[in-house]
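Comments concern the structure below.
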2 protein chains.
Amino acid sequence: MAGIKDVAARAGVSVATVSRVLNGHSGVRADTRSRVLSAVSELRYRPNAVARSLRTDQTRTLGLIISDVLNPFFTELARAVEDAARSRGYSVIIGNADERLALQDHHVRTLLDRRIDGLLVSPAEGDSVALREAALSGIPMVFVDRWIEGIDVPVVRADGRAAVRELVGHLYGLGHRRLAIITGPVATTTSNERVEAFRSALREYGLPLPEAYIGQGDFQTESGRRVTSAFFGLDEPPEAVFATDNLMALGVMDELRLRGLRVPDDMALAAFDDIAWFPHIDPPVTAIAQPTPELGHRAVAALTDLVEGRSADSVTLSAHLIPRRSCGEDERSRR
Amino acid sequence: MAGIKDVAARAGVSVATVSRVLNGHSGVRADTRSRVLSAVSELRYRPNAVARSLRTDQTRTLGLIISDVLNPFFTELARAVEDAARSRGYSVIIGNADERLALQDHHVRTLLDRRIDGLLVSPAEGDSVALREAALSGIPMVFVDRWIEGIDVPVVRADGRAAVRELVGHLYGLGHRRLAIITGPVATTTSNERVEAFRSALREYGLPLPEAYIGQGDFQTESGRRVTSAFFGLDEPPEAVFATDNLMALGVMDELRLRGLRVPDDMALAAFDDIAWFPHIDPPVTAIAQPTPELGHRAVAALTDLVEGRSADSVTLSAHLIPRRSCGEDERSRR
DNA sequence: CTGAAAGCGCTTACAG
DNA sequence: CTGAAAGCGCTTACAG
């Protein structure tokens, strides 16, 4: 592979000059500039980004740690992040934490070793030593969707509380009184926010939220299945279940199907996060939608602000309820 | 951030010695070794991967170009690739081509600039200059799922022909005679394979495949919608449609819903690629499933073989039909 | 406007 | 068993 020396030799200039034209520095005579450019294209020269990074101490690369690639919400987020980053001249390296703290920390270390310019993270549950150290090291960092209490970096997220409250009202209006929830990992901010909003909305409606109706999940499919199974072991199973993410909603449906039961007759279902398949599910799933692409764009904007020496603030967008039929919305028409 | 010099100073040795213990070279006295290790952990030293890569000319990183991150098939593939790579000590950088040749080529160039050790790609449609040049440059490379005629590197894929043939038989057995297909981009190998298998199976059954029943799609949702709409503009719309990927099947369902029509009564539907939501769709979608995780694992095995100087062969796995209800399988029971 | 030289943080023959 | 030194491929003050 041709190096900068080959180009310099071919163009009859020094490597310094080649570097200057490649980096668009002004003050290179037009003809030497064009000689360099010809040499570059004749040799199909491409600068070695590794060498450049070592020298300039910047990689033009952002790291993105997502909780789970198999979750369409994060995949949509990743796509938006990559688009926004690319349009600003950055690449992004994605690390999939698979909701595991150890794997997440492995990725943040690997990313830092590679000297990424900034880190975007939707943290997994638990006390992340790697993330705390990263923050301490001063690398530009912003949280998306989830965050960690006590690490003081901007967070870009959607506040789902109003939508959850609206959902509870919706459920209540449909006649459901025994409402249950399936949470994410205990220490994730999004899960806590959704649980708290759910709890306080139930209180407003004078509805109880017994411990047994708080199913401990982990944002992954299997846990939705397990919790649903436990619900049916109760003397009084809930009438409606709110899964705090779409994968656990899948788990609920898997378990119901296994038991030959149906949504919403045997159990109403609503999910946090709207995905493309929901309108086609049997029955179409009532969901709370986040402005996912905007979340990604704003997160990249904040992070690149930091990377480029500007300041950045947190941003909070909002989510909204999309009623469909999985909560018994069409009871009247079906009867 | 501490550098190797700081560690050397603290341990009272040369940087060469630090490097040796870090790289596990034998022949370092036990006590100097442990002094180095203490210095490393006291300073929380982490080697600069950029500098190391420049020196060793290897990055322990694999590039993966996928056609579309929004497609659960590729997301599942990416996950398997990352797992397999990590267990072999490699990181992976994913580039999402979004089915666009230009974006794909942008990513392969960026990846090569970063001096990845090997490239895994599921190519987009069209003549990729970047990919041809990459192959010429001799970088270890393997195709997954799709490949490009004339670029001689191993390809790891599933042969879907038998399953497509089986699908046609299935459709025929269900009484469907007017069968249509929605293709991917014209020059993609997977699309061609699926179309050819479909065409030849129809011939076996003595069924025609009029031009109008070959809908030109691009593997993305919107094209499934558009083609379906065109089908309904025909004097005799097809009775059954085979979408050659899951996203276009989504498009078909979107369009049908828009028109107030139903699967399978108004149009039977089958899709290539099985995804987790299909069993819950109304009605559950008949699909052809690929051994996606294995595809990912085998692709990484082949690529790392190449990277590490061994030889690698192509591997062809197989796909299979999963009949559900979207082709009218339960007609008898419903009537 | 251009070149010679130093240096980014490592690894690795080469000596001893 | 360990160190001094060269060098990976760039960029960038510093001179001229």
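Per chain, numbering begins at 1; letters A, B, ... match sequence-line order. Because the structure is predicted, anything quoted here is derived from the model rather than measured.
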Are OP1 or OP2 of [N] and a side-chain N or O of [X] less than 4.0 angstrom apart?
{"X": "Thr17(A)", "N": "dT2(C)", "answer": "no"}
{"X": "Thr32(A)", "N": "dT2(C)", "answer": "yes"}
{"X": "Arg29(B)", "N": "dC1(D)", "answer": "no"}
{"X": "Asn23(A)", "N": "dT11(D)", "answer": "yes"}

How long is the span from the CD1 atom in Ile151(B) to the CZ atom in Arg132(B), to the nearest 0.5 Å?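 Those atoms lie 7.5 Å apart.
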Looking just at side-chain N and O atoms, do Arg114(B) and Thr59(A) make a donor-acceptor pair shorter than 3.5 Å? no
Under a 3.5 Å threshold, yes or no: a donor from one side chain and an acceptor from the other, between Asn96(A) and Gln104(A)?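 No, no side-chain donor-acceptor contact under 3.5 Å.
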Once you round it to whole Å, what is the distance between [atom2] of [N] and [atom1] of [X]?
{"X": "Ile4(B)", "N": "dC8(C)", "atom1": "CD1", "atom2": "P", "result": "14 Å"}
{"X": "Asp57(A)", "N": "dA13(D)", "atom1": "CG", "atom2": "P", "result": "14 Å"}
{"X": "Arg55(A)", "N": "dT11(D)", "atom1": "CZ", "atom2": "C1'", "result": "4 Å"}
{"X": "Leu54(B)", "N": "dC10(D)", "atom1": "CG", "atom2": "C1'", "result": "8 Å"}
{"X": "Asn48(B)", "N": "dG7(C)", "atom1": "CG", "atom2": "P", "result": "18 Å"}
{"X": "Leu22(A)", "N": "dT12(D)", "atom1": "CG", "atom2": "P", "result": "12 Å"}
{"X": "Arg115(B)", "N": "dC10(D)", "atom1": "CZ", "atom2": "C1'", "result": "11 Å"}
{"X": "Asp113(A)", "N": "dG9(C)", "atom1": "CG", "atom2": "P", "result": "14 Å"}

Could you check which of [options] has an atom nearest any side-chain atom of [X]?
{"X": "Tyr45(A)", "options": "dC10(D), dC8(C), dA4(C)", "answer": "dC10(D)"}
{"X": "Ser14(B)", "options": "dA4(D), dT11(C), dC10(D)", "answer": "dA4(D)"}
{"X": "Ser19(B)", "options": "dT12(D), dT12(C), dG9(D)", "answer": "dT12(C)"}

Could you tell me whether the side chain of Phe143(A) reaches within less than 4.5 Å of the side chain of Val153(A), counting heavy atoms only?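 Sidechains of Phe143(A) and Val153(A): in contact.
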How is Val50(A) classified with respect to the nucleic acid when contacts are heavy atoms under 4.0 Å: base, sugar-phosphate, or nothing? nothing
Nearest heavy atom decides the nucleotide; on that basis, is Gly12(B) or Gly3(A) closer to the 5' end of DNA chain D? Gly12(B)
So which one's nearest nucleotide on DNA chain D is more toward 5', Ala51(B) or His25(A)?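 It is Ala51(B) whose nearest nucleotide is closer to the 5' end.
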Take Asp57(A) and Arg115(A) through the test salt bridge (Lys or Arg N to Asp or Glu O under 4.0 Å) and record every step on the way to the result. CA-CA 8 Å; Asp57(A) 202 31; Arg115(A) 299 306 192 262; 5.7 Å; no
Base paired to dT2(D) (Watson-Crick or G-U; both N/O distances under 3.5 angstrom):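 Here dT2(D) is engaged in a pair, and the nucleotide opposite it is dA15(C).
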Quick one: on DNA chain C, does Val28(A) or Ala16(B) contact a more 5' nucleotide (nearest heavy atom)?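 Residue closer to the 5' terminus by nearest nucleotide: Val28(A).
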Nearest heavy atom decides the nucleotide; on that basis, is Val15(A) or Ala30(A) closer to the 5' end of DNA chain C? Ala30(A)
Step by step, work out the salt bridge (Lys or Arg N to Asp or Glu O under 4.0 Å) result for Arg157(A) and Asp145(A). CA-CA 4 Å; Arg157(A) 65 181 193 104; Asp145(A) 183 50; over 6 Å; no
Is a donor-acceptor contact shorter than 3.5 angstrom present between the side chain of Arg20(B) and the base of dG3(D)? yes
